[in-house]
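Below is one structure, written out as structure tokens; comments come after it.
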Amino acid sequence: GCSSGGSTGSTDAAAGGDTPYVAIVSKGFQHQFWQAVKQGAEQAADEFGVEITFEGPDTEADVDQQIQMLQTALDKQPAAVGFAALDSQAAGPLLQQAQDAGIPVVAFDSGVDSDIPVTTAATDNKAAAAEAAKQMAEAIGGEGKVALVVHDQTSVTGVDRRDGFVEYMEENEPGIEIVDIQYGGGDQAKSADLAKAIIAANPDLKGIYGSNEGSAIGVVQAVKELGLQPGQLTVVGFDSGKAQIDAIKDGLMLGAITQNPVGIGYETVKAAVAAIDGEELPKSIDTGYFWYTADNIDDPEIAAVLYE
Amino acid sequence: MTLTTETPTPKPAEARPNAARGALRGSLQQLLAFASLIVIVIFFSIASPHFFTTANIISIFTAATVTGTLALGTTFVIITGGIDLSIGTGMILCGVMAGVFLTYWGWPLWAGVLGAVLFGALIGVVNGFNVAVLKIPPFIATLGMMLIAAGLALVISGTKPIYFKETPDFQSIMNLSIIPGVRFPLGVAVFIVLIVLSALLLSKTIVGRYTFSIGSNEAATALSGVNVVKWKIIIYTISGLFVGIAGVLSASRLSSAQPTGGMGLELEAIAAVVIGGTSLQGGKGSIVGTVIGALIMAVLTNGLRIISVPQEWQSVAVGLVILIAVYLDMLRRRSA
Amino acid sequence: MTLTTETPTPKPAEARPNAARGALRGSLQQLLAFASLIVIVIFFSIASPHFFTTANIISIFTAATVTGTLALGTTFVIITGGIDLSIGTGMILCGVMAGVFLTYWGWPLWAGVLGAVLFGALIGVVNGFNVAVLKIPPFIATLGMMLIAAGLALVISGTKPIYFKETPDFQSIMNLSIIPGVRFPLGVAVFIVLIVLSALLLSKTIVGRYTFSIGSNEAATALSGVNVVKWKIIIYTISGLFVGIAGVLSASRLSSAQPTGGMGLELEAIAAVVIGGTSLQGGKGSIVGTVIGALIMAVLTNGLRIISVPQEWQSVAVGLVILIAVYLDMLRRRSA
Amino acid sequence: MSAPLLEVVGASKSFPGVKALDDVHLDLRAGEVLALVGENGAGKSTLMKLLSGVYTPDEGEFFLSGEQLAITGPKQAQELGISIIHQEFNLMPDLTIAQNIFIGREPRSGGVFLSERSLNRKTRELFDRLGLALDPSEVVGGLTVAKQQMVEIAKALSYNARVLIMDEPTAALNDAEVDTLFDLIRRFTTPTTGVIYISHRMHELRQISDRITVLRDGRYVGTVETATTPTSEVISLMVGREIVSEQRQSDESAPRETVLAVEGLSTKSLLKDVSFELRKGEILGFAGLMGAGRTEVARAIVGADRSESGTITLHGRPVVINNPAEAAKLGIGYLSEDRKQLGVLLERNVRENVVLASLSEYIGALGFVKDKKIERTAREYVTALRIKTPSTSQLVKNLSGGNQQKVVIAKWLAKDCDVLIFDEPTRGIDVGAKDEIYALLNQLAAGGKAIIMISSELPEVLRLSHRVAVMCEGRLTAVLENADATQENIMDYATRFSAYGTVK
Ligand SMILES: Nc1ncnc2c1ncn2[C@@H]1O[C@H](COP(=O)(O)OP(=O)(O)OP(=O)(O)O)[C@@H](O)[C@H]1O
Ligand SMILES: Nc1ncnc2c1ncn2[C@@H]1O[C@H](COP(=O)(O)OP(=O)(O)OP(=O)(O)O)[C@@H](O)[C@H]1O
Ligand SMILES: [Mg+2]
Ligand SMILES: [Mg+2]
């Protein structure tokens with residue numbers, strides 16, 4: 001099997017060998033989250049005996065790059081495609097092309113706004129963000145100013161994780177005021193610098209929410225650099241990674257939402273295999289999310305979905 | 001009396017470039033970039049049966065269309081000895097403007113497209129003004145514009161993609177298949193027309209002549225009575241027009257105006273221009289070269305994906321090919 | 001007619017700029033950039049009471065440290081008339097190498113840090129070789145290196161961040177508070193030392209002299225018996241050393257070597273250099289200017305956030321300030 | 001008599017800290033060639049730049065045929081009928097000859113497209129009229145300096161100018177080419193046109209000019225009739241002192257040791273089997289026509305260009321020199337002929353330029369440069385060579401051409417080489433300064449240096465050289481003792497080869 005993310009062997013397979021080839025086009029590949037998705041996909045590939053390739057654009061702003069990747073993937077005539085759309089509309093013509101060629105498409109991570117995908121393996125980002133908001137509200141006693149450091153202003157995940165948080169606060173927590181939303185591109189240093197600016201501008205700030213790994217760690221970094229005492233500012237995050245896990249254990253961060261990236265990757269390939277075999281699939285596969293804190297971080301159920 | 005009857009007549013040993021040699025050298029230069037392209041194509045064709053197929057070749061051209069269009073326009077600017085870093089985000093802004101005109105303001109298709117292209121020209125005019133009149137160095141003038149355009153694209157779109165709900169035909173510009181059966185998209189045909197037009201513009205018109213002249217010796221061109229300020233603005237405007245067209249093509253391809261991205265595209269386009277033998281010092285360059293350069297970049301990206309090179313290695317490979325291609329070009333020039 | 005034997009003595013009308021005036025002019029240039037900085041600081045201080053506080057000023061310096069370090073090194077390259085686009089991703093690669101040395105290979109702290117810095121120098125040597133020996137234009141040579149470094153950082157790290165588990169002290173390099181009570185980080189002190197060192201290097205040593213000579217007229221410098229190839233490699237290596245140091249500082253700040261990012265940082269650093277009055281044509285520039293340029297960029301980013309300007313407007317504002325600052329500098333130079 | 005063709009009244013122009021022109025007067029009569037002379041930095045080029053619209057005057061009025069002019073820019077000056085050939089080249093090296101000449105005036109076919117064919121035809125017509133044998137479609141960057149100069153001249157003449165200004169047009173030309181040029185000038189001067197001719201070559205003035213206007217230190221000194229004024233008087237008007245007349249180098253018969261021996265030097269493009277010896281304390285002059293390969297010999301010796309074969313022996317030991325840095329280390333200095341491109345750092349100050357070749361001698365502990373010592377050295381040379389500059393921190397671009405040349409010489413004097421190769425050391429230098437440079441070369445030779453001096457001016461070669469090497473088409477055709485050398489036999493050796501390299 002092809003477990004190392006696209007050895008050249010897969011081409012032979014795709015050329016008509018007996019191992020089916022599944023091309024996966026994700027929203028990224030550099031970040032830990034996507035690497036965990038890739039890991040799950042590879043697990044399933046081993047288990048079900050398929051070849052896979054896994055690729056994604058450099059940033060979640062590169063819609064065009066993702067479209068090119070999808071195009072190339074289709075040109076390789078795969079047995080199935082796994083696709084996490086940055087913009088469903090933008091991918092419309094290519095999805096149509098896949099359908100015309102009889103290549104089943106499995107959507108993952110976030111929904112593809114189209115009838116073409118046979119199923120969608122995803123986390124409900126908005127609900128997950130609302131959970132983070134709920135935990136934050138509880139921690140600060142339903143009162144005070146909070147701010148958001150979001151990784152992206154335009155991508156679906158960025159928008160959902162922002163809106164899920166903001167909408168929860170607006171609907172349920174009249175005592176909480178959102179004073180600032182800034183975007184750091186998921187870059188830790190940049191997120192740290194802007195979190196420091198937010199804290200400087202709002203000395204009475206109660207909490208900050210970081211919408212992905214890089215943003216959350218950036219916020220933690222800001223707290224460290226400003227020498228704030230644990231508890232002075234409540235930080236909640238998203239995703240995992242060693243730094244975030246450490247911050248939670250050290251008490252710098254209250255807790256974070258984690259999705260199940262390995263599960264997403266696994267379910268995507270599993271569904272692709274089922275689709276290749278012509279099996280019926282449910283319209284969506286919920287891969288779930290968890291709220292984890294220092295208390296439950298070592299639970300087997302949680303530990304299984306965290307990545308370092 | 002002539003000058004050379006006094007002095008020894010030219011002998012074979014006097015290896016100086018003459019007209020014929022110059023022309024030959026010109027085509028040799030393109031030949032070399034062309035040879036690189038052929039080598040790369042042959043390599044990938046052997047490495048994967050999926051590479052040299054009609055569908056994939058069309059994919060390559062489709063991929064080359066947007067960057068290639070940007071590269072065509074910026075070839076003019078680079079030949080003047082300037083540079084245009086604003087083409088990537090400028091293109092994004094033009095796409096957003098197409099969305100604004102067509103979807104928000106409900107203009108008819110032709111007007112919206114024209115408007116977006118002219119908006120690109122406007123960006124070019126501002127760049128040209130900053131460079132030619134305010135004398136801000138091109139690198140900085142267009143770096144500033146790069147940031148401004150990136151910001152404005154977000155501001156104007158409200159940080160959301162704009163979809164072309166009112167004009168579903170908009171997506172045909174890039175995607176319409178004009179040859180039944182082979183998926184040959186209209187956008188690629190547009191690109192080919194642009195290549196021909198810009199080649200004519202550069203080699204046969206007064207704009208082209210002054211482009212080379214300014215790049216060759218700006219002060220002397222000005223002393224010869226050419227209104228360098230005016231022509232530089234015109235040349236940046238041409239680059240802007242291509243930015244506008246690329247913006248329309250890209251938005252059409254994605255059936256949506258994406259307000260982000262575009263950063264880094266300028267470097268890709270400039271790399272295509274330079275691989276094609278155009279000198280960043282100005283004074284030298286050709287459209288054919290730029291097209292070959294753009295194809296080399298597109299083939300490389302596509303081929304590496306087709307043969308499933310791990311993605312982290314792809315950027316290493318592209319970097320190496322850029323270095324090697326330009327180094328070979330240098331070698332040839334020195335030995336010539 | 002009588003033969004006059006008087007020798008032409010200097011006449012009073014010949015009141016030409018002398019040494020003192022030259023020095024004054026030099027400082028005026030920095031004064032102007034400095035004035036821009038002051039204006040911006042005053043503006044933000046009035047706009048928000050939270051801007052001009054000790055903590056926030058330290059935050060600004062902390063934010064300026066990494067980009068500023070890159071800008072210091074690249075000032076040398078730009079004065080030679082070159083450019084270095086590889087500093088952003090090169091820095092990322094050096095951070096990863098620090099992780100490899102310290103965490104994977106278990107080197108002691110000092111050795112790992114030295115190794116990472118020297119690795120930066122190695123990147124510089126390769127750039128210098130490509131530019132000086134292979135004669136690849138700097139823009140292209142370092143663009144290639146930018147892509148290669150970005151790819152290698154991912155390859156070497158296995159696309160995972162590397163944590164400094166074996167050497168927890170590593171994070172002190174940037175974060176250790178050296179003045180009790182005010183959280184003045186060691187990294188900022190390092191930055192200040194680097195400023196002084198590079199200023200001395202540029203203005204008082206032979207490397208600095210040749211940096212200016214090469215930028216002023218490379219061919220004439222070579223014919224004067226200066227080994228331009230050697231000195232260019234040295235100058236790119238200096239830039240590489242600063243890249244290595246920036247890599248260590250940045251990894252130390254994040255307590256981890258992040259294998260991604262870095263792209264775009266080179267443009268930020270170059271913008272800082274140019275705002276500080278260094279000319280991309282080569283031959284002119286100063287370290288003081290670069291530091292002021294880096295501070296202008298850092299103050300602007302921080303201040304706009306402090307006064308909660310919506311982020312999409314921030315990039316527009318930075319773009320405009322770059323244009324205005326460089327335009328004013330041009331004005332001053334022309335009137336001088 | 002009617003109003004002069006062109007009249008300048010009370011022109012003044014200052015640059016920051018420099019009064020380049022102070023109340024200067026000039027009148028050009030129709031049908032005459034007016035020579036404009038003066039020392040380096042006297043303000044000649046500045047005055048001409050006022051006339052051609054490059055600079056705007058601080059004060060002064062201009063009249064063309066009695067009508068007052070307001071000159072606003074280069075293009076307008078051309079339209080008014082004032083055409084100029086600048087001291088520095090103003091050509092676009094990447095364009096062809098024809099494209100250069102008609103830049104801004106391109107013929108178009110059908111209104112949109114350029115017609116290369118009619119452009120080349122027009123250019124060929126122009127060349128036929130002027131008697132030039134140049135290929136209009138050749139790229140200018142590949143031409144020799146002399147041919148580029150001819151292109152400049154052709155370009156200026158292609159405007160139907162009434163006033164033609166030539167700022168040192170012969171600085172890069174040899175005698176044959178100068179004859180061609182003078183022929184052109186004579187054909188150009190009709191009763192309705194006039195020429196202003198700037199040169200430092202005194203003998204040319206007698207050949208071509210009708211009257212001579214002299215400037216000194218930015219001021220008008222006077223105008224004299226060429227025919228009735230001895231050259232010595234013009235010179236003393238220019239420099240305010242007497243210049244010793246020409247004398248030949250006395251031949252020293254005492255055998256001297258050989259410092260540099262070149263054996264069988266050949267290059268891919270031109271040089272064929274060049275061999276010669278250079279002795280201690282001598283000046284070896286290199287004469288030859290343009291493109292004979294003298295510069296190429298020098299560049300090959302110092303490793304600036306690659307040589308195909310040949311050995312170089314220095315002080316009896318064979319050496320391999322790959323680049324000018326190695327040459328400098330071995331004590332061989334090369335002073336190039338192209339001052340602007342290859343000689344000075346225009347944007348740096350006098351001080352830095354003077355010590356550029358010898359900077360490593362001014363380095364103290366830790367690589368720090370000794371600025372005080374540099375300043376002392378620079379001031380020494382500014383005084384010794386009488387470089388006209390307010391201070392050593394003046395940027396070299398603000399010096400006049402001649403003073404820039406002195407700065408380049410100072411750079412090599414400061415380096416203290418055993419072997420010095422001077423390529424056209426007096427190009428663009430005024431008579432007074434020339435004399436100083438001659439004295440300097442003699443002094444250096446007397447001090448034991450071995451000097452190669454490449455010059456296109458035969459009188460200069462004859463006056464200075466102990467021996468004269470003559471080149472023709474990349475070969476060395478003769479090495480003559482000074483006593484045996486005459487203008488005639490040098491010219492003979494310089495044209496030894498007819499076409500295709502066969503011996504006459
Ligand atoms: N742009 C400038 N800025 C400052 N000073 C200048 C400038 N141009 C010329 N000068 C000065 O003006 C004076 C006159 O210079 P100009 O070039 O007219 O001399 P010239 O008579 O042509 O000398 P040469 O024979 O050496 O060419 C010189 O002292 C020169 O240094
Ligand atoms: N880099 C080069 N490329 C092409 N041709 C060259 C190059 N360098 C020199 N040549 C040619 O070699 C010939 C020798 O030129 P060189 O400059 O050595 O002559 P010269 O005797 O010094 O004459 P002058 O300097 O008076 O023109 C010329 O025809 C010149 O065009
Ligand atoms: Mg002059
Ligand atoms: Mg010569």
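Side chains included, hydrogens not; waters and symmetry mates left out as well; all remaining heavy atoms used.
- With a threshold of 4.5 angstrom between heavy atoms, B/Leu265 does not approach chain A through any atom at all.
- Contact annotation for B/Thr159: both backbone and side-chain heavy atoms come within less than 4.5 Å of a heavy atom of chain A.
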Please lay out, stage by stage, how A/Ser215 and A/His151 fare under the test side-chain hydrogen bond (donor to acceptor under 3.5 Å, both in side chains).
CA-CA 6 Å; A/Ser215 312; A/His151 61 282; 4.7 Å; no
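- The distance from atom CD1 of B/Ile275 to atom OG of B/Ser36, rounded to the nearest 0.5 Å, is 8.5 Å.
- Chain A forms the most heavy-atom pairs under 4.5 Å with one residue out of B/Lys160, B/Gln314, B/Gln171, B/Glu312, and that residue is B/Glu312.
- The closest donor-acceptor contact from the side chain of B/Thr290 to the backbone of B/Gly276 lies at 3.5 Å or more, if one exists at all.
- Below 30°, between 30° and 60°, or above 60°: for A/Phe108 and A/Trp34 the angle between ring planes is above 60°, a perpendicular geometry.
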